[in-house]
Visitor: 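Supplied in structure tokens, the structure appears directly below.
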Amino acid sequence: MSSEESLSSTITDWLFINSWWLLLPFIMLLVVAAFIVAFVLLLYMISPLISPKPLKLNGAHVVVTGGSSGIGKCIAIECYRQGAFITLVARDETKLLQAKKEVEKFAINDKQVWVYLSRSDFFAVVQAQEKLGPVDMLVNCAGTSVSGKFEEVEVDRFKKLMEVNYLGSVYPTRAVITTMKERRMGRIMFVSSQAGQIGLFGYTAYSPSKFALRGLAESLQMEIKPYNIYVTVAYPPDTDTPGLAEENKTKPLETKLISETSGVCQPEQVAKIVVRDAVQGNFNSSVGPDGYMLSALTCGMSPVTSITEALQQIITMGLFRTIALFYLGSFDSIVRRCMIQREQSKSADKRE
């Protein structure tokens with residue numbers, strides 16, 4: 001073989017080898033594209049198993065616990081204006097009567113029935129079914145809040161919050177679940193809080209009681225999904241309600257400053273969003289950009305009810321985690337500044 005032929009062969013081999021390196025990015029891109037296409041096709045194949053059929057509220061029996069004021073009352077109004085039959089369950093009969101007058105203004109026909117029960121437990125929901133028939137949608141909205149430093153909150157308050165916020169949702173759900181299974185239909189909503197997605201300063205008693213609802217909801221959804229019953233967990237932010245006004249009276253400075261970073265929502269806005277999500281059968285229901293980000297970040301092994309939701313969680317997880325780290329750094333900075341100011345104030349008092 002001549003030197004020219006040898007050189008030509010060497011150049012050809014070099015070009016052949018390096019052409020693979022040049023093509024490698026394109027090959028990787030094709031593999032990724034093929035994976036995405038296969039994944040989307042798989043989701044479309046299983047989508048009938050994921051996406052529930054929307055619940056029609058017109059003529060449906062909706063029970064709302066803790067609905068004499070705030071978000072619960074606005075949820076009752078939103079369902080009533082869509083034609084639902086409403087049972088409102090709460091302990092304060094005076095507030096119930098006032099709520100009844102407000103809700104009745106939104107009737108859309110003469111057939112709608114409104115019932116209220118001044119008790120909030122298993123037997124109240126059983127009584128509601130005896131009056132208006134099987135429950136189509138149960139909204140567990142009864143709840144209370146306590147804020148304060150861990151060592152300053154009385155131990156009994158921890159127990160009370162679990163009884164009201166967690167067990168107060170367990171008992172009504174137990175009352176409706178058997179009938180819903182028999183009918184092969186139903187919706188159950190647990191109204192949690194953004195404090196049920198992230199633990200914050202001052203909420204060592206409150207957050208655990210709201211986190212518990214998520215665990216209950218996930219476990220329950222897996223049990224009852226074959227019966228065409230769907231669970232929704234709503235995570236409203238701070239909302240302009242009597243409960244928030246009462247909480248703000250004793251809220252630590254750190255908690256106030258952290259809460260101010262996300263603002264306050266109106267209960268009517270929250271009600272529209274959570275009712276829509278419950279009707280659609282969505283597992284997570286969030287309000288506003290912060291709520292959307294928190295739901296994506298904390299989705300974990302929670303159920304999905306649409307292809308879009310699954311893809312959004314996959315795509316946005318890394319970006320949202322980066323943003324969340326800045327939020328956490330800001331919260332830690334607030335707590336640190338408050339601690340320093342408090343210590344400086346104590347030192348100044350001692351010198352005086």
Side-chain angles (χ1 to χ4, degrees), residues 55 57 60-108 112-129 131-133 135-145 163-176 186-193 209-210 213 231-236 239-247 265-279 285 287:
L55 175 71
L57 284 180
H61 181 194
V62 177
V63 173
V64 184
T65 69
S68 58
S69 63
I71 294 174
K73 183 178 71 175
C74 290
I75 288 174
I77 289 173
E78 182 62 27
C79 293
Y80 204 61
R81 69 186 348 153
Q82 294 187 40
F85 289 41
I86 302 293
T87 297
L88 199 60
V89 183
R91 294 184 183 278
D92 191 322
E93 189 166 359
T94 303
K95 288 183 178 180
L96 276 170
L97 289 171
Q98 180 60 38
K100 179 178 184 293
K101 294 177 182 178
E102 293 181 45
V103 177
E104 284 179 334
K105 298 175 184 177
F106 298 93
I108 63 171
Q112 282 179 271
V113 180
W114 168 268
V115 175
Y116 70 90
L117 299 167
S118 57
R119 56 188 297 183
S120 183
D121 55 19
F122 176 93
F123 297 104
V125 180
V126 172
Q127 188 178 349
Q129 293 184 102
K131 289 188 175 185
L132 291 183
V135 176
D136 298 292
M137 184 163 84
L138 169 67
V139 180
N140 291 294
C141 199
T144 186
S145 176
E163 288 176 345
V164 175
N165 295 346
Y166 176 66
L167 293 176
S169 294
V170 171
Y171 300 144
T173 303
R174 282 290 299 273
V176 304
R187 295 288 190 275
I188 299 172
M189 184 197 301
F190 298 103
V191 179
S192 180
S193 163
S209 67
K210 290 298 188 177
L213 291 174
V231 175
T232 298
V233 187
Y235 299 104
T239 306
D240 187 12
T241 64
L244 179 65
E246 187 66 27
E247 179 192 333
C265 286
Q266 294 303 308
E268 295 83 4
Q269 175 194 5
V270 172
K272 285 181 180 293
I273 293 171
V274 301
V275 168
R276 179 198 65 202
D277 286 333
V279 165
S285 180
V287 179

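Predicted model only: the values in this text are computed from it and were never measured.
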Visitor: How long is the straight-line distance from CD of Q266 back to CG of D240, given to the nearest 0.5 Å?
Guide: 4.5 Å
Visitor: Output the distance between atom CE (M189) and atom SG (C141), rounded to the nearest 0.5 Å.
Guide: 8.0 Å
Visitor: Kindly indicate whether the side chain of V287, heavy atoms from C-beta on, has any atom under 4.5 Å from the side chain of Q269.
Guide: yes
Visitor: Restricting to side chain to side chain donor-acceptor pair (under 3.5 Å), what partner residues turn up for K210, sequence neighbours left out?
Guide: none
Visitor: Who are the salt bridge (Lys or Arg N to Asp or Glu O under 4.0 Å) partners of E163, not counting sequence neighbours?
Guide: none
Visitor: Ignoring hydrogens, what is the shortest heavy-atom contact between Y235 and S193? Give both atom names and the distance.
Guide: CD2-O, 3.3 Å
Visitor: To the nearest 0.5 Å, tell me how far T173 OG1 sits from I188 CD1.
Guide: 5.0 Å
Visitor: Please name all residues satisfying salt bridge (Lys or Arg N to Asp or Glu O under 4.0 Å) with E268, sequence neighbours left out, ordered by chain then number.
Guide: none
Visitor: Within the structure provided, determine whether T239 and L244 are in side-chain contact (heavy-atom separation under 4.5 Å).
Guide: no
Visitor: Between side-chain atoms of residues 73-83 and protein atoms elsewhere (two or more places apart, or another chain), which donor-acceptor pairs fall under 3.5 Å?
Guide:
from, atom 1, to, atom 2, distance (Å)
K73, NZ, E102, OE1, 2.8
K73, NZ, E102, OE2, 3.2
E78, OE2, Q82, NE2, 3.0

Visitor: Might you point out which heavy atoms bring S209 and N165 nearest each other, and give the distance in Å?
Guide: OG-ND2, 3.0 Å
Visitor: Enter the distance from N140:CG to L213:CG here, rounded to the nearest 0.5 Å.
Guide: 8.0 Å
Visitor: For V164, check side-chain contact (heavy atoms from CB on, under 4.5 Å) against everything at least two apart and list the hits.
Guide: T144, K160
Visitor: What pairs with T87 under side-chain contact (heavy atoms from CB on, under 4.5 Å), at least two apart in sequence or on another chain?
Guide: H61, V63, V89, V115, L117, A128, L132
Visitor: Considering the options L97, D92, L96, which one meets the side-chain contact (heavy atoms from CB on, under 4.5 Å) requirement together with T94?
Guide: D92
Visitor: Under the side chain to side chain donor-acceptor pair (under 3.5 Å) test, which residues partner S192, sequence neighbours left out?
Guide: none
Visitor: Not counting sequence neighbours, which residues clear side chain to side chain donor-acceptor pair (under 3.5 Å) with S145? List them please.
Guide: E247
Visitor: Decide if atom CZ of R174 counts as having more than 12 heavy atoms of other residues, nucleotides or ligands within a radius under 6.0 Å.
Guide: no
Visitor: For residues G67 and A90, report the shortest heavy-atom separation together with the two atoms involved.
Guide: N-CB, 4.4 Å
Visitor: Return the set of residues passing side-chain contact (heavy atoms from CB on, under 4.5 Å) with S285 (not counting sequence neighbours), or none when no residue passes.
Guide: T232, A234, I273, V274, D277
Visitor: Determine the sole option in V64, L138, V126, V135 for which the side-chain contact (heavy atoms from CB on, under 4.5 Å) test with P172 is passed.
Guide: L138
Visitor: List the steps, then state whether side chain to side chain contact (heavy atoms under 4.5 Å, CB included) holds for V279 with R187.
Guide: CA-CA 7 Å; V279 165; R187 295 288 190 275; 5.8 Å; no
Visitor: Are the side chains of T65 and V139 in contact, using a 4.5 Å heavy-atom criterion?
Guide: no
Visitor: Using the salt bridge (Lys or Arg N to Asp or Glu O under 4.0 Å) criterion, which residues pair with K100? Sequence neighbours excluded.
Guide: E104
Visitor: Check side chain to side chain donor-acceptor pair (under 3.5 Å) between T241 and all other residues, then give those that pass, not counting sequence neighbours.
Guide: none
Visitor: Can you tell if the side chain of V62 reaches within under 4.5 Å of the side chain of F85, non-hydrogen atoms only?
Guide: no
